[in-house]
Amino acid sequence: MITRRDLVRLAGASASTLWLPRSARSQARLGENPFALGVASGSPASDSVVLWTRLMVVTGTAAVTVSWEVAHDELFQRIVRSGQAQAEPVLAHSVHAEVGGLEPGRWYFYRFTAGVAVSVIGRTRTLPAPDAPVDRWRMAYASCQKWEDGYFSAWRHMRAEALDAVLFLGDYIYEYPGTSGRIRQPGGGWVITLGDYRRRYAVYKGDPDLQAMHQACPWLLCWDDHEVQNDYAGLQAGNSGPNDPSHPADFAARRSAAYQAYYEHMPLRAAAFSRAMAAPSGAASLRMYQRFDLGRLASLHLLDGRQFRDPPVCTRHGALGASPVNPASCPAWADPRRSLLGADQERWLEQSLARRDTAERIWSVLGQQTVFGQRDFKPGPGEVLSNDGWDGYAAARRRLTDRLRQHRVPNPVLLGGDVHANWVGHVKADYGRAASETVGVEFCGTSITSRGGGNASLPERLAENPHFVFADAKEHGYGVAEFTPSQVRTSLRVVDDVARRDAGISTLAEFVVQAGRPVLERAA
Ligand SMILES: [Fe+2]
């Protein structure tokens, strides 16, 4: 029986060194292409990066030694670093090689070898040195890639965007069973056990367009609910629909399995995994929230709005999960004790925002799962709000905007996902007063494929929520945000048709924000 302590030890060991003695474990036999799930890189620092792969092993219970190489050139003639890692069966034969000693702000090529098999070549980069001036940082933000809702053409087109990094904001997989009549089939039933999650990731990771984008540059990762279960909140189960066979009382175990599988399939540092697998509560956790600095150009905070949130309040019919709510009839709505990030993360964020080297950078980017600004769905007097996102945690949202003002955090730009629609808006100090101060701007991105609600009600929703200047719930794709010292230019890129593998791409709209002036200007 593998204990949590063993997993932690293995994660640490497999990330760095060759340490296991040869044992009686049966020799692992690799699949025809052991690298069929591709390669990926992520968690970059100015001197290191994590290289990921997961071996497809046909039989056997032994660990497999995997070699990795990092080079300046695609032919691997100028090798910078090389080493070995153990692909452990208890971690689904995943590899998380943490490569240090790299130069800041520089591109590298990497590949893996296992036995006679060699992986495809990935390209990655380190972050700029913390004190380096940076002329340009070009980053896509994307979320919500429901397999059954379409093909991943968006990832194919993103390859041509010449990006420094991808910011993925959640819903990497969905936990639903395969059903007929959809654009394509993930196969399998409800995703509940560790084996289920691993199989579902393997389906997604098998997609050539997704693989190609992982190969192209490092990814920075947030997660949302569907990596575990629709609308879950902390350790409270969500609600994936009437046929979901999972039991809410078993949710902690399900979440632990989902978090482990997430780690196994993402280029995360072993420390993010181990810190938390040792949680005393019996439920695994994973340290996802973190800060990256893009030289002197920007600070980038990634937030985790799922793992530590308080349960939603006043969901209809007392059900689990989320629903629209009339706040006037929900006494718990404005309870200031409720948090979306949890007390520890709120404290960490405030301390980080208050740092002098945050104030000294030009842009302050906050990457998180969902739309930030208030979206009142009810035209005219009265309100109907979702209790799932920041709207359901209005006091916590106010604490965050208060901190941004109090610490004079420069040029906040919030990036989000989750709602399967583009929402572009001004971040307000007080969403209850249209005339209140503008604190920053927000770009909530549409889905890669997941179905949106359509545009029928959008004109009246925009009129009801004038802090938003643009919305579209019909198109799918991603956003590209290009930061320079003087401005950020954001393009909303959309595919013609998610039902077609060969869909084209176009620009739906483009916005410019000048540094020092939080006003969205329409550029295209
Ligand atoms: Fe989603």
Side-chain angles (χ1 to χ4, degrees), residues 140-155 158 166-179 182-184 186 190-191 197 200-201 203-205 207 210 213 219 221-233 237-241 244 255 258 261-262 265-266 288 302-307 309 312 320-324 340 367-372 375 386-392 414-423 442-455 471-479 492-495 498-499:
Y141 57 99
S143 58
C144 297
Q145 50 174 351
K146 196 172 187 183
W147 184 269
E148 43 278 53
D149 283 357
Y151 295 104
F152 291 168
S153 305
W155 294 126
M158 200 192 279
V166 170
L167 182 53
F168 191 80
L169 297 172
D171 291 356
Y172 194 97
I173 58 162
Y174 284 73
E175 77 282 19
Y176 300 103
T179 49
R182 310 301 292 275
I183 294 167
R184 57 178 176 169
W190 287 91
V191 176
Y197 284 106
R200 186 55 59 95
Y201 277 104
V203 170
Y204 280 64
K205 288 277 189 182
D207 186 278
L210 176 60
M213 198 57 228
W219 285 38
L221 295 158
C222 291
W223 57 17
D224 196 23
D225 51 344
H226 290 283
E227 285 88 349
V228 182
Q229 183 193 26
N230 181 48
D231 289 346
Y232 85 93
N239 187 346
S240 307
D244 180 355
R255 198 184 87 160
Y262 185 84
H265 293 85
M266 297 295 158
M288 292 296 292
L302 299 192
L303 307 181
D304 178 352
R306 273 294 158 193
Q307 186 170 190
R309 68 163 63 180
L320 289 168
S323 74
L340 188 77
Q368 42 83 51
Q369 317 22 72
T370 192
V371 66
F372 188 76
R375 292 186 308 156
S386 167
N387 66 352
D388 184 52
W390 287 99
D391 273 344
L414 280 87
L415 301 175
D418 174 41
V419 296
H420 307 172
N422 276 300
W423 284 81
E442 114 165 87
F443 299 94
C444 183
T446 186
S447 59
I448 292 289
T449 54
S450 307
R451 277 184 199 166
N455 284 348
D472 178 275
K474 182 169 165 282
E475 308 294 346
H476 306 282
Y478 55 88
L492 311 186
R493 304 280 280 156
V494 296
V495 295
V498 289

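Every number for a ligand or one of its atoms is a count from 1 in the order of the listing. Throughout, residue positions are numbered sequentially from 1 according to the sequence presented. The shown structure was predicted, so the numbers you read here are calculated from the model rather than taken from an experiment. Reckoned from all heavy atoms, side chains included, excluding hydrogens, waters and symmetry mates.
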Check whether any N, O or S atom of [X] sits under 2.8 Å from the Fe ion (ligand 1).
X	answer
Asp171	yes
Cys144	yes
Tyr174	yes

Just to verify, which of His226, Arg200, Gln145, Lys205 counts as forming a side-chain hydrogen bond (donor to acceptor under 3.5 Å, both in side chains) with Tyr172?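 In the set His226, Arg200, Gln145, Lys205, the residue that makes a side-chain hydrogen bond (donor to acceptor under 3.5 Å, both in side chains) with Tyr172 is Lys205.
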Salt-bridge contact Asp207-Arg184 (side-chain N to carboxylate O under 4.0 Å): yes
Using 4.0 Å as the upper bound for N to carboxylate O, is an ion pair formed by Arg306 and Asp224?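 Yes, this pair counts.
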What pairs with Asp149 under side-chain hydrogen bond (donor to acceptor under 3.5 Å, both in side chains), at least two apart in sequence or on another chain?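 For Asp149, the residues satisfying side-chain hydrogen bond (donor to acceptor under 3.5 Å, both in side chains) (neighbours in sequence not counted) are Arg182.
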